[in-house]
Q: 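My questions will all concern the structure given below.
Quick note: numbers below take in every heavy atom, side chains included, and nothing from hydrogens, waters or symmetry partners.
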Amino acid sequence: MTTTANTRTHTWAPTTTPPADMSGIDFLRALLAGQFPPPPIAGTLGFTLVHVELGVAVFEGETGEHQYNPLGSVHGGYFATLLDSALGCAVMSRLPAGRGYTTTQLNVHMVRPAFAHTGVLRCEATALHVGRTVATAEARLTAVSDGKLYAHGTTTCAIFPTAP
């Protein structure tokens with residue numbers, strides 16, 4: 001069997017964390033405006049934050065062969081990463097300055113496979129509860145071309161102080 005190798009190259013800037021005096025929504029708006037570089041995972045997997053408002057975060061990512069699993073469809077980990085990114089940023093958008101979060105539970109329900117020809121997937125997440133120590137959010141992953149649902153998920157995040 002003869003195969004031709006494909007390549008994919010990307011570059012990234014060092015990770016930037018929110019300044020201690022900046023709220024989550026202000027940091028995400030600055031990120032969206034290009035005042036901070038995107039996180040390295042966005043370039044690695046080819047997705048980006050496209051919209052943010054208080055309690056809402058939207059990401060979009062182009063499907064491609066480089067995301068395939070051994071069965072020839074987009075790996076479920078790509079779905080999970082898009083969901084986790086949007087869910088976490090929806091939570092982050094409601095955090096005051098000096099507070100951070102980390103995912104403690106991620107639930108992903110995949111309802112159909114995606115392929116390179118699927119095109120752009122859009123992940124819209126909404127924070128449902130953001131308390132002092134725990135937050136929850138939900139999200140849907142759909143195709144931009146036809147609105148079909150590919151996956152949906154929920155998260156629980158731990159909330160913690162980032163500054164002394």
Side-chain angles (χ1 to χ4, degrees), residues 4-13 15-18 23-95 101-130 135-157:
T4 303
N6 297 314
T7 62
R8 182 169 183 267
T9 304
H10 69 91
T11 58
W12 65 93
T15 301
T16 302
T17 56
S23 69
I25 189 69
D26 288 340
F27 177 75
L28 291 168
R29 286 177 177 152
L31 183 69
L32 196 56
Q35 296 170 348
F36 295 107
I41 189 68
T44 300
L45 293 182
F47 62 80
T48 187
L49 177 67
V50 296
H51 177 78
V52 66
E53 59 188 75
L54 199 58
V56 176
V58 181
F59 280 77
E60 288 185 353
E62 180 83 27
T63 59
E65 236 179 58
H66 63 285
Q67 301 154 343
Y68 275 11
N69 60 31
L71 296 174
S73 61
V74 173
H75 194 283
Y78 182 72
F79 287 9
T81 303
L82 270 170
L83 286 161
D84 188 44
S85 297
L87 289 160
C89 286
V91 167
M92 183 182 193
S93 73
R94 292 198 29 208
L95 294 180
Y101 73 94
T102 191
T103 300
T104 60
Q105 184 173 15
L106 176 66
N107 299 302
V108 177
H109 303 274
M110 298 173 210
V111 299
R112 69 171 32 90
F115 302 94
H117 66 270
T118 301
V120 178
L121 294 176
R122 181 178 180 92
C123 189
E124 299 185 31
T126 303
L128 301 174
H129 168 79
V130 180
T136 60
E138 63 185 8
R140 296 170 48 90
L141 182 64
T142 59
V144 168
S145 63
D146 59 12
K148 284 185 180 178
L149 180 68
Y150 281 78
H152 56 97
T154 58
T155 194
T156 302
C157 295

Q: Test of understanding: with side chain to side chain contact (heavy atoms under 4.5 Å, CB included), list the residues that count as partners of Ser73, not counting sequence neighbours.
A: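 If we apply the side chain to side chain contact (heavy atoms under 4.5 Å, CB included) test to Ser73, skipping adjacent residues, the hits are Asn69, Pro113, Phe115.
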Q: Specify the closest pair of heavy atoms between Tyr150 and Ala143, including all atoms of both residues, with the distance to one decimal.
A: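 Heavy atoms only, the tightest pair is CE1-CB, 3.5 Å.
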Q: Short question: side chain of Tyr68, backbone of Ala116 - any donor-acceptor pair under 3.5 Å?
A: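 It does hold such a pair.
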Q: Donor-acceptor pair, distance only, cut-off 3.5 Å: does the side chain of Arg112 make one with the backbone of Leu149?
A: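 Looks like yes, one N/O pair under 3.5 Å.
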Q: Calculate, to the nearest 0.5 Å, the distance between atoms CD and CG belonging to Glu138 and Asn107 respectively.
A: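 The CG atom of Asn107 is 12.0 Å from CD of Glu138, to the nearest 0.5 Å.
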Q: Mind checking the CG-NE2 spacing from Leu45 to His10? Nearest 0.5 Å is all I need.
A: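 If I round to the nearest 0.5 Å, the distance is 8.0 Å.
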Q: How long is the gap from CG on Leu82 to CG on Leu141, to the nearest 0.5 Å?
A: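 It comes to 6.0 Å.
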Q: How close do Leu121 and Ala114 get, heavy atom to heavy atom, and via which atoms?
A: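 That would be CD1-CB, 4.4 Å.
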Q: Please check if the side chain of Thr142 supplies one atom and the backbone of Lys148 the other of a donor-acceptor pair under 3.5 Å.
A: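 No, the answer is negative, given that no donor and acceptor are paired below the 3.5 Å cut-off.
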Q: For residues 44-73, which residue pairs qualify under salt bridge (Lys or Arg N to Asp or Glu O under 4.0 Å), counting only residues two or more places apart or in two chains?
A: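 Of all non-adjacent pairs touching residues 44-73, those that pass salt bridge (Lys or Arg N to Asp or Glu O under 4.0 Å) are Glu60-Arg122.
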Q: Taking Thr15 for the side chain and Pro39 for the main chain, is one N or O donor matched with an acceptor at less than 3.5 Å?
A: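 No; zero donor-acceptor contacts below 3.5 Å.
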Q: Please find the pair of heavy atoms, one from Thr155 and one from Gln105, that lie closest to each other, and give the distance.
A: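 Result for this residue pair: OG1-O, 2.9 Å.
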Q: Please find the pair of heavy atoms, one from Ala151 and one from Leu83, that lie closest to each other, and give the distance.
A: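 Minimum heavy-atom separation between Ala151 and Leu83: CB-CD1, 4.1 Å.
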Q: Checking Thr104 side chain against Thr156 main chain: does a donor-acceptor pair fall under 3.5 Å?
A: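 Looks like yes, one N/O pair under 3.5 Å.
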Q: Measuring from atom NE2 of His66 to atom OH of Tyr78, what distance do you get when rounded to the nearest 0.5 angstrom?
A: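 Answer rounded to 0.5 Å: 6.5 Å.
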Q: Would you check, one step at a time, whether the test side-chain contact (heavy atoms from CB on, under 4.5 Å) holds for Phe47 with Cys123?
A: CA-CA 10 Å; Phe47 62 80; Cys123 189; over 6 Å; no
Q: Let's go through Glu124 and Val56 carefully: what are the C-alpha distance in whole Å and the side-chain angles of both, what is the deciding distance for side-chain contact (heavy atoms from CB on, under 4.5 Å) to 0.1 Å, and is it a yes or a no?
A: CA-CA 7 Å; Glu124 299 185 31; Val56 176; 5.9 Å; no
Q: Going by the side-chain contact (heavy atoms from CB on, under 4.5 Å) test, name the single residue among His109, Met110, His152 that passes it with Phe79.
A: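 For Phe79, the side-chain contact (heavy atoms from CB on, under 4.5 Å) check succeeds only for Met110.
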Q: Write down the atom of Ala57, the atom of Leu49, and the distance for their closest heavy-atom approach.
A: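 Of all heavy-atom pairs spanning Ala57 and Leu49, the closest is CB-CD1, 4.4 Å.
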Q: Looking only at non-hydrogen atoms, find the nearest pair between Thr136 and Val91 and report the distance.
A: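 Answer, listing the atom of Thr136 first, then Val91: O-CG2, 4.4 Å.
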Q: Using residues 23-37 as the side-chain source, report each donor-acceptor pair under 3.5 Å to any protein atom, sequence neighbours left out, with the distance given to one decimal.
A:
residue: Ser23; atom: OG; partner: Asp26; partner atom: N; Å: 3.2
residue: Ser23; atom: OG; partner: Asp26; partner atom: OD2; Å: 3.2

